[in-house]
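Report on the structure given below.
Counting from 1, the numbers follow the sequence of the chain as shown. Whatever order the structure lists ligands and atoms in, that order sets their numbers, starting from 1. We use all heavy atoms of the structure for the numbers below, so side chains are in, but hydrogens, waters and symmetry mates are not.
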Amino acid sequence: MPPETENQIDHLLGQMTLDEKIGQLNQYFAWGKLDPELIRQGQAGSVINASGALSGQGFSGSGNAEISNRIQGMALETRLKIPLIFGRDVIHGYRTVFPIPLAQAASFDPGLAEQAASVAALEASADGIHWTFAPMLDIARDPRWGRVAEGNGEDPYLGEQMSAAVIRGFQGEMSAPDKLVACAKHYVGYGSAEGGRDYDAGEISEPTLRDVYLPPFKAAVDAGVGTLMSAFLDLNGIPASANRRLLTDVLRGEWGFDGFVVSDWDSVKELIQHGVAEDEAEASVMALRAGVEMDMVSGVYLKTLAASLQAGKISLEEIDEAARRILRIKHRAGLFERPLTDTNRAATDILKPESRVLARKFARDCMVLLKNEGNLLPLNGFRKILVAGNFVHAREELYGSWSPDGNPADITPLDEALKQVAPKDVELRFAAAPDLALSRAHHVDAVVLVLGEHPLRSGENANVSDLGLPPGQAELVAAMSALGKPLVLVVFAGRPLAIPRQVAQANAVLYAWHPGLEGGAALGEILFGLESPSARLPISFPRATGQTPIYYNHKNSGRPVTPNGQFKSRYVDLPNSPLFPFGYGLTYTSFEYATLNVSDTVMRGSLEISAEVTNTGQRAGKELVQLYIRDLVGSLTRPIRELKGFQRVALQPGETRRVHFTLTEEQLAFTRADGARGIEPGAFHVWLAPNSASGLRGEFRL
Ligand code: GLC
């Protein structure tokens with residue numbers, strides 16, 4: 001931060017009254033009932049979901065930017081004219097809705113995620129939004145949890161890469177008018193909630209916290225993220241919104257974070273429900289002292305901090321430091337120079353044609369081909385094809401969870417979109433109802449079932465106890481399979497579903513997640529071979545709900561499972577292995593790996609790892625070469641595999657390329673029992689692989 005800005009902030013702070021300082025710490029929610037006096041009295045530092053704040057109050061502003069400017073105008077009438085920062089959940093696109101974040105992670109393409117976040121910032125800022133509550137960086141190992149849809153899956157390395165890219169996309173030079181302040185959330189460990197139940201408690205050891213759950217947040221801070229959001233979670237007995245060690249000692253002391261932390265919705269006040277605070281005053285002091293600068297909508301800071309200061313429960317320095325951090329981010333976001341939004345931008349910056357093109361490419365690059373028996377896909381040579389299932393006329397269902405600003409009218413329904421991209425000599429027929437689908441199936445050459453979960457079964461407050469397809473859909477797959485027609489199953493979902501039977505019954509399976517605005521056309525381009533699938537799974541797919549939590553980078557145990565082994569870590573009724581492993585995905589061609597080379601038997605600083613990859617199929621394709629290691633012996637038990645790199649390589653049929661990685665000592669470091677991070681000498685395995693369950697293995701010593 002340039003010194004003049006710090007001096008400006010200190011100067012401003014020196015002029016502020018106690019009430020004005022506490023006002024900055026309050027994020028105000030006022031859907032349809034905004035109180036202008038609260039703003040004019042300087043009792044809010046931020047407004048969440050401002051676009052709805054004046055609805056029903058007769059304000060005829062044509063767009064959200066006008067509404068934002070009208071409310072900002074109230075703040076500029078205050079004594080010190082401190083601008084508000086307007087926050088909103090712009091999670092995977094704004095009006096141009098991109099695939100859900102879990103789908104974006106499946107692309108293993110941080111560059112694409114950065115471009116999409118940049119478009120989201122362009123559109124949301126044009127609508128008067130300054131701050132998005134994204135990216136969500138929670139590592140998730142239990143797909144019963146609905147919010148697995150919003151994160152980057154189970155792997156910390158992939159999480160780090162996506163985190164830094166999305167923050168660069170949202171923030172760029174934070175002060176630019178077409179950028180947003182980002183918010184790394186939910187700090188930390190929210191995905192560990194027991195039973196996959198939102199808001200529940202989680203237990204995470206320090207080494208696992210440091211090496212699995214924290215890395216994407218560290219990457220966010222290193223990428224300059226302006227804010228973080230504290231989680232609802234009771235983590236190891238301390239609610240995350242009152243965890244001073246993590247919010248202050250780690251985040252600021254170790255990582256040097258100089259922005260501010262906003263609580264999650266009401267999570268300051270909920271410290272009372274958690275049972276760590278007697279009342280709102282104690283909850284406020286506890287959260288502020290822990291390192292939560294802004295109270296999201298509960299109002300308890302506004303209500304109690306002045307009295308707590310009076311009573312000596314909190315110091316003026318603590319209140320000043322919180323206000324200072326909020327003012328610093330407002331400065332960094334350019335709000336003091338440019339508090340109002342140019343209302344002409346919305347007409348040109350929102351839903352630009354090139355944004356739609358990006359949305360379609362991203363949707364294609366997120367879809368994972370899980371099975372393709374007899375190369376049924378791409379569909380060629382079938383004249384009459386039936387498309388059937390609950391997604392056949394899908395519109396807003398394609399958006400997925402957390403797409404409040406997506407407009408269904410912008411979407412071409414799935415059936416229409418498929419018709420637009422299908423070859424001219426293909427006749428598509430459609431049926432949503434199962435019995436109609438079964439009767440029509442007799443008269444076609446192939447069937448594509450488009451099934452899956454409605455977005456309301458995904459995201460926050462949408463946890464499931466059964467990972468099977470939603471009711472009625474498995475029956476349709478079974479009945480359709482019994483007809484013996486070539487059968488493609490397309491699944492739309494915000495989480496991995498346990499669908500072993502359906503995978504066996506279909507000849508081909510494509511996982512389309514919730515692919516966003518252009519999902520229909522993107523699906524058609526993949527199904528008819530205009531484009532090829534290249535995505536890989538960012539999360540393990542269980543065979544059954546009973547296998548959760550399930551993830552690839554697990555420990556070995558003293559009795560690792562062996563085929564038919566007794567007294568091993570196993571189930572009597574299922575293999576331990578997932579239905580599909582992390583990193584898995586097929587393409588329309590095939591690849592072979594050969595001649596793994598490790599540059600030395602002993603690592604001194606770094607090693608070069610390489611292998612030849614050949615496209616052994618008939619079509620061009622892109623392979624995602626993944627680098628994994630295993631630390632065979634450590635002072636703590638170590639995961640059986642850890643992703644340390646990935647590269648996409650495009651190869652023509654018959655083409656061979658040697659793919660190179662550099663592996664460094666630092667990448668072998670881990671957190672030991674005493675909490676210190678470091679490397680330990682010993683033997684390692686290393687793989688270059690197409691997924692986390694196979695590949696060419698080499699070894700070296702450190
Ligand atoms: C919600 C979510 C959080 C979101 C916030 C504001 O409860 O937990 O992710 O950003 O409230 O909508």
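- The closest donor-acceptor contact from the side chain of Ser125 to the backbone of Leu122 lies under 3.5 Å.
- Here Asn407 contributes atom CG and Tyr399 contributes atom OH; the two are 6.0 Å apart, rounded to the nearest 0.5 Å.
- Looking only at distances, a side-chain donor or acceptor of Glu123 sits under 3.5 Å from a matching main-chain atom of Leu351.
- Closer than 4.0 angstrom to ligand 1 by heavy atom are Ile48, Asp89, Phe133, Arg147, Lys185, His186, Met229, Phe232, Asp264, Trp265, Met296, Trp402, Glu460, sorted by chain and number.
- To the nearest 0.5 Å, the span separating CZ on Arg141 from OH on Tyr213 amounts to 5.0 Å.
- Ser68 and Thr341 get closest at one heavy-atom pair: OG-OG1, 4.4 Å.
- The side-chain heavy atoms of Leu398 and Phe391, taken from C-beta on, include a pair separated by under 4.5 Å.
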